[in-house]
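The structure appears below as structure tokens.
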Amino acid sequence: MVSLNDFSFYKPLPGCGPGISSCCIVISVWGILMLAVLGLLFRQNSVALREDTDDHMATAKSCFICAGIYVFTLFFSIYQKKLNDKNKSSPYTTYDPDEL
């Protein structure tokens with residue numbers, strides 16, 4: 001009889017390596033901070049940004065939406081980093097054919 005433990009070889013594999021996931025974490029944090037500050041400045045109708053666009057509220061909303069997308073990217077990158085750290089003992093996932 002086959003049990004669920006026989007299918008323990010189905011483990012989540014990382015979609016990107018540890019270097020790329022670390023880089024994406026840094027870029028995501030920077031993007032969140034930059035776009036949130038830019039959105040706040042557009043919402044407050046900053047003097048430095050008055051000539052850039054006519055509709056400041058729509059531009060601020062776009063900046064906040066993009067910052068939200070970067071939040072999703074940050075969580076995905078952290079998840080990938082944790083998967084890479086968990087699989088750090090072996091760079092390649094190998095399975096014993098006798099266990100299958």
Side-chain angles (χ1 to χ4, degrees):
M1 177 115 207
V2 178
S3 68
L4 290 177
N5 292 333
D6 292 338
F7 297 103
S8 63
F9 60 90
Y10 290 112
K11 298 175 186 173
L13 296 176
C16 56
I20 292 175
S21 59
S22 298
C23 180
C24 287
I25 289 171
V26 171
I27 290 173
S28 297
V29 169
W30 174 252
I32 292 167
L33 293 175
M34 187 66 194
L35 288 169
V37 168
L38 201 57
L40 288 173
L41 290 175
F42 272 115
R43 179 173 277 181
Q44 293 177 353
N45 201 6
S46 176
V47 177
L49 301 173
R50 278 195 188 148
E51 296 178 4
D52 290 340
T53 184
D54 294 331
D55 191 5
H56 292 284
M57 293 308 281
T59 306
K61 184 178 178 182
S62 296
C63 287
F64 291 136
I65 290 171
C66 290
I69 293 170
Y70 269 112
V71 168
F72 173 75
T73 306
L74 176 66
F75 287 141
F76 179 74
S77 300
I78 290 171
Y79 174 71
Q80 291 294 308
K81 181 74 172 162
K82 288 188 181 205
L83 280 179
N84 281 311
D85 289 344
K86 190 185 296 184
N87 295 335
K88 200 173 202 176
S89 62
S90 172
Y92 302 104
T93 306
T94 58
Y95 303 106
D96 187 14
D98 295 331
E99 291 180 4
L100 300 176

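Keep in mind that what you see is a predicted model, and the values were worked out from it rather than measured.
- Side-chain atoms of Ser21 come within 3.5 Å of backbone atoms of Gly17 as a donor-acceptor pair (strictly under, hydrogens ignored).
- Put simply, Ile32 and Leu38 are part of two different groups of oily side chains (I, L, V, M, F, W, Y) that touch within less than 4.5 Å, one to the next.
- Considering every non-hydrogen atom in both Ser28 and Ser77, the closest pair reads OG-OG, 4.5 Å.
- Between Phe76 and Tyr79, the ring-plane angle classifies as tilted under the 30° and 60° cut-offs.
- Closest heavy-atom contact between Leu49 and His56: O-CE1, 3.2 Å.
- Of all non-hydrogen atoms in Leu35 and Cys66, the two that sit nearest each other are CD1-CB, 3.6 Å.
- No more than 12 heavy atoms of other residues, nucleotides or ligands sit less than 6.0 Å from atom CG of Asp54.
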Problem set entry | Derivation and outcome, side chain to side chain contact (heavy atoms under 4.5 Å, CB included), residues Met57 and Arg43 | CA-CA 6 Å; Met57 293 308 281; Arg43 179 173 277 181; 4.0 Å; yes
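- Atom-to-atom distance recorded for Asp55:CG and Phe42:CZ is 10.5 Å, nearest 0.5 angstrom.
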For this session: Test Leu33 against Val37 for side chain to side chain contact (heavy atoms under 4.5 Å, CB included), laying out the working first.
Result: CA-CA 6 Å; Leu33 293 175; Val37 168; 5.6 Å; no
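- Transitive grouping of hydrophobic side chains (ILVMFWY, heavy atoms separated by less than 4.5 Å) brings Ile78 and Ile27 into a common cluster.
- Closest non-hydrogen pair, Ile25 versus Lys81, comes out as CD1-CB, 4.1 Å.
- The shortest side-chain heavy-atom distance between Leu40 and Phe64 falls under the 4.5 Å cut-off.
- No single ILVMFWY cluster, assembled from side-chain heavy atoms under 4.5 Å apart, contains both Val29 and Met34.
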